[in-house]
Amino acid sequence: MTADNEMDIKEAFQRAQKGHNNKAKLVASLKSRYNKLEDKTLFHDEFVHYLKYTMIVYKREPCVENVIDFVAKFATKQEEQEEEEEEEEEEEPEDHPFLSFIFNFLLESHKANSHAVRFRACQLINKLLGSMAENAQIDDDLFDRIHQAMLVRVTDKFPNVRIQAALAMTRLQQPKDPDCPTINAFMLILENDSNAEVRRAVLSCIAMSPLTLPKVLKRTRDIKENVRKLAYQVLADRVHIKALTIAQRVGLLQQGLHDTSEVVREVVCSRLLPAWLGRLEGGAIELLHRLDVENCAQTALDTLKAIFKGTPPEELLQNRVQLDNRKVIPEDSLTCENVLYWRALCEFIKAKGDDGEEMLEQVLPDVATYADYLFGYLKAVPVLSEEQRANFNQLELVMTKEFISQQLIHLIGCLDTNEEGSRKRMLAVLQEMLALPQTPFSLVSLLTEKLLTLISDDQKRIQTVAEIISDVREPIMEVNQPVDENKRRRQQVQLAEVKVHILETKQALEDCISTQEFNRAAELKDSISELENRRNQIIQEIAESNQPVDKEMCSEKNDPETLLRCLTMCAELLKQMNIKSRIGPTISALMSSLILPSIANAHPGVRNMAVVCLGTCTLHSKDLGKTHMVLLLQIAQLDEVKIRISALRAIIDLLLLFGFELLSDTAATQTAPPSQSPDRQEEDAPSAEKGDASEGTTQSVLVMLSEFLDSEVSDLRTEAAEGLSKLMYTGRISSAKIFSRLTLLWYNPVTEDDTRLRHCLGVFFQLYACESRAHQEVVEESFLPTVRTLMNAPATSPLAEVDINNVVELLVELTRPTTLIKPSTNTEVCVHDYLAVRMCGEMLKDPTAPEVRLYAKTLSNLELSRDETVRKDLQTLMQELVVKDRVCLRALEKMLLQLVDSREQAELLSASALQPLDVNADGKHAKKVYNADLLNQENVPESVHVVRSSRRTKAAALEKTKMDLSTLINQDVA
């Protein structure tokens, strides 16, 4: 090769660094030179020589990226030309020597010690494969070598190398092969890679198949919002809605529309939903058919409202459901999907306020018309007998009608009920439906809620619901009275006697007429008239007595269905009442006649609803709470699980509202529930809020609540944990031991599947610790008990699997002074100072204990105050430590250096008992460990205090990173 050709390659590399140069011209010029050469070996060596200067630069400098792009285009230029010639001549494919040479060079370089070389090698392989034509072919041996090399590099310890390796494997996937190693590697990365950018890279290139779809769906719940966002984008662009099950569709919408990140929610609304609607011909209603609207109505409503937000107002009215001239859906056309769409559309327009009034009038009728429409449909809902309930088809039909009825009832909230006459008509319909025995039980609560919404006054609400309850429980019934046979016999005898008297008087009348005694005849004639009137009266009485008499009577019904209806209405009333409203005579009557008797009912559903009503009633009266607290405590310990949970909620609500002083009178008059373990009573007794509550009763109640944390019933355990969290957050109790119990419960593997418990405690820990300094002190007091419990956990305990370092990191983060919402302005000693003293004391007790290393590492992560007294005390404690473990020595030395000034460091270390015996060996060993930590914990900053570089030094270092490859290229190649 001539010198001119050498300059051509160098010049090409130099010009390729500049972004404004036309790389296509550079590639074409260099390619023409290349094609003229007969022996291309020297060209290959020269080209690789200049390429190596690029591959040693790790930082993504623009000039380096430009050169990489140039190399990829040049290497694939000849391959593209030869492919076109092969298509025209239909000849056998030929080898591409330069491309194969570059691939071989990169495959030899991917194992280099330098992470920069590995990164650039993978990047170039990715660029080369991506730049090749869609129908390009490479040698099978080369394919396998690239495949194996990239499979190694996706496990590299540097995330950027793993990213480029994953992208390079995009075209090596075989989705139809269930054992494809590339896809298996991708799925492993999605599950286990700790770097979010690596997971994003794999998400962007993984081929979709039934095998990979569940892994992509799982990334929609990734911890990083960028990964979740990309997962939804991939699903929107590359997955058809029919490829997802109903549960997967519902889960995606439910999680995406309620994601904590606004960016993710925006992607769901702007990308996923439009993509699904575009693939369905029926629009939004067809989308509802693809969801299980009966079991996920709220998710379907949220989905529709998200669709409506991106739809212009004129299109909303064009796409509305088909309404008749009454502006309602005909009864025979009602389906779960179109009625839910109607409700969502009306609620969306109603939420616009005054701007949506005109639109709302076009999709909803007047109140009177809708009341008649609703009443007609609800009355048509059939009531199934026990035999009919066994028929699944009939049961499904009734459940569908009940769901439609619920949506129609919800639409009442969109009507304009300000006009008195219309509101009265709707109230009359709702009252009549609640009083009808054939109204389905599933509609009672909703009907009562809408009824109470239309009534603003609490007293009128109570009176209305009490009247309905009275009509339901004591309906007026007509009773048939049987015929009295004795009375009927007496009437027959009287009738016979009257008939005999009439015959005798008529005979005497004839005799008087024959003897011409006319005065006597006139008297007899009057007597006959009276006797005939008497006979007719008796005949009428007999006729009336022969017919049974219907008499109206009130009979009390105590069957479980009736009691459930009444208790449900009562519970809804108590829930809607103002919390400041006192218990009046009507509620007291309901308590004595309905609620309290139902607590002893044999039916579990009746007992549960009665406990709910009792707990809600006690919130309106402190005296009532004192009276029935013991009853609620007994129910929480003895009844069925569902009823125990309801009682536990009532107890927690009472303690939150009135505090533990509520137990004072209870302790004086009643016997508190016995504690199940005296040892735990003594151990778990927290300091309750100041008041007159009996200490023994308070302790017993809290022991009972804390024992629920060990319950095998997950719902009961979750309810107890949530209740104790609320009591601690509101300041009703303050207990380090209960906080320790909650922390251990959060980390316990047994609760791994209890999402609600984990979420509740996770939120509680953050809010509780940042609320006040007193709360951080509680967390600090729980530190050592928590660590001891985990360290002493037997191997058979689930707590033995807990990562104690993770627990310690959490407690340290919760007690940082900088996390407080209102940091203290004075220079008081911070919580971490006390924590440091406690750990030093523990290390002094037994320097050989296994937890000493944990305490030593934790000390260096604390934020200590600047109080000189505290620092001197800590220095004194640490100088008294005699530790032989080298890891502890380094951690404690680091801590000492943070505590003292630079002038005192050498003197302090020389006088300290922490000084190791072999300084040189220790220093060498420490250096090796430090480097290993850097390699294994990439991108994790050290939590040590170092001297910051000056601004001028930083600027100079920054300029050095903006390197120009020309300097390196111009150096001698020796």
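We number each residue from 1, following the sequence as shown.
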List the steps, then state whether salt bridge (Lys or Arg N to Asp or Glu O under 4.0 Å) holds for Lys229 with Glu262. CA-CA 10 Å; Lys229 174 186 175 183; Glu262 176 65 28; over 6 Å; no
Enumerate the residue pairs fulfilling side chain to side chain donor-acceptor pair (under 3.5 Å) with a member in residues 583-601, sequence neighbours excluded, ordered by first and then second residue. none
Partners passing side-chain contact (heavy atoms from CB on, under 4.5 Å) against Arg219 (at least two apart in sequence or in another chain): Leu190, Arg199, Leu203, Asp222, Val227, Ala231
Is the side chain of Thr568 donor-acceptor paired with the backbone N or O of Leu564 at a distance under 3.5 Å, no angle test? yes
Glu572 meets the salt bridge (Lys or Arg N to Asp or Glu O under 4.0 Å) criterion, sequence neighbours left out, with Lys575
Partner residues of Tyr232 under the ring-ring contact (aromatic ring centres under 6.0 Å, His included) criterion, sequence neighbours left out: none
Test: Arg290 and Glu286 ion pair at under 4.0 Å: yes
Other residues, nucleotides and ligands only: do more than 12 of their heavy atoms fall within 6.0 Å of CD on Glu358? no
What do the steps show when you test Asn558 against Arg473 for side-chain hydrogen bond (donor to acceptor under 3.5 Å, both in side chains), and what is the final call? CA-CA 7 Å; Asn558 289 316; Arg473 197 178 182 197; 2.7 Å; yes
Side chain to side chain contact (heavy atoms under 4.5 Å, CB included) assessment of Ile652 paired with Leu705: CA-CA 9 Å; Ile652 296 296; Leu705 294 177; 4.1 Å; yes
Would you say the side-chain atoms of Ser470 pair up with the backbone N or O of Ala466, donor to acceptor, closer than 3.5 Å? no
Counting C-beta onward and ignoring hydrogens, is there a side-chain heavy-atom pair between Met577 and Arg461 closer than 4.5 Å? no
Do Gln431 and Met426 come within less than 4.5 Å of each other through their side chains, counting heavy atoms only? no
Carboxylate-amine/guanidinium contact Asp292 Arg249, below 4.0 Å: no
Where do Ser646 and Asn608 land on the side-chain hydrogen bond (donor to acceptor under 3.5 Å, both in side chains) test, with the steps shown first? CA-CA 7 Å; Ser646 299; Asn608 181 59; 2.5 Å; yes
Around Glu712, counting heavy atoms of other residues, nucleotides and ligands shown, do more than 12 lie under 6.0 Å from its CD? no
Heavy atoms only: give me the nearest Val263-Glu225 pair and the separation to one decimal. CG2-OE2, 4.3 Å
Any side-chain heavy-atom pair of Leu624 and Leu614 under 4.5 Å: no
Between Glu640 and Lys642, is there a donor-acceptor pair closer than 3.5 Å when you use the side chain of the first and the backbone of the second? no
Return yes if some donor-acceptor pair links the side-chain N/O of Thr245 with the main-chain N/O of Gln248 below 3.5 Å, else return no. yes
Starting from the C-alpha separation in whole Å, work towards a yes-or-no answer on side chain to side chain contact (heavy atoms under 4.5 Å, CB included) for Leu252 and Leu235. CA-CA 10 Å; Leu252 283 174; Leu235 291 170; 3.7 Å; yes
Starting at CD1 of Ile409, measure out to CG of Leu451 and round the result to the nearest 0.5 Å. 11.5 Å
Phe403: what forms a ring-ring contact (aromatic ring centres under 6.0 Å, His included) with it, not counting sequence neighbours? none
Are the side chain of Trp342 and the backbone of Gln407 linked by a donor-acceptor contact shorter than 3.5 Å? no
With side chains defined as the heavy atoms from C-beta onward, is the minimum distance between Lys309 and Phe348 less than 4.5 Å? yes
Would you check if the side chain of Lys327 reaches a backbone N or O of Glu361 as a donor-acceptor pair within less than 3.5 Å? yes
Using only atom types and a distance under 3.5 Å, with no angle test, would you say the side chain of Ser422 pairs donor to acceptor with the backbone of Asn418? no
So Arg582 and His620, do their side chains get closer than 4.5 Å, heavy atoms only? no
Is there a donor-acceptor pair closer than 3.5 Å between any side-chain N or O of Asp324 and the backbone N or O of Ile329? no
If you round to the nearest 0.5 Å, how far is NE2 of His759 from CD of Glu722? 10.0 Å
Where is the tightest heavy-atom contact between Asp458 and Asn578, given as atom of each residue plus distance? OD2-N, 3.2 Å
Near Lys352 NZ, under 6.0 Å, is it more than 12 heavy atoms from other residues, nucleotides or ligands? yes
Distance-only polar pair, side chains of Asp302 and Gln298, donor-acceptor under 3.5 Å: yes
Ile404 side chain reached by Lys401 side chain, heavy atoms, under 4.5 Å: no
Is the distance between the ring centroids of Phe375 and Tyr370 under 6.0 Å? no
Main chain of Asn338, side chain of Arg343: is a donor-acceptor contact present, judged purely on distance under 3.5 Å? no
Ion pair Arg425/Asp372, N-O distance below 4.0 Å: yes
Under the side-chain contact (heavy atoms from CB on, under 4.5 Å) test, residues paired with Thr369 that sit two or more places apart: Arg326, Pro365, Asp366
Interatomic distance, Thr718 atom OG1 to Leu757 atom CG [nearest 0.5 angstrom]: 4.5 Å
Thr439 side-chain N/O to Met433 backbone N/O, donor-acceptor pair under 3.5 Å: yes
Stepwise, does the side chain to side chain contact (heavy atoms under 4.5 Å, CB included) test hold for Lys460 with Thr464? CA-CA 6 Å; Lys460 193 172 181 182; Thr464 303; 4.2 Å; yes
Scanning both residues in full, the closest heavy-atom pair of Ser261 with Arg228 reads CB-NH2, 3.7 Å
Within-4.5 Å side-chain heavy-atom neighbours: Leu304 and Leu288: yes
For Lys424, is the NZ atom crowded, meaning more than 12 foreign heavy atoms sit under 6.0 Å from it? no
Output, in order, the C-alpha distance, side-chain angles, deciding distance and verdict of side chain to side chain contact (heavy atoms under 4.5 Å, CB included) for Leu364 and Leu415. CA-CA 8 Å; Leu364 267 184; Leu415 297 171; 4.0 Å; yes
Quick one: does Cys414's side chain get under 4.5 Å of Glu347's, heavy atoms only? yes
Atom CZ of Arg565 and atom CG of Asp559: how far apart are they, to the nearest 0.5 Å? 9.5 Å
Contact summary for Pro330 and Gln322, nearest pair of heavy atoms: CD-O, 4.2 Å
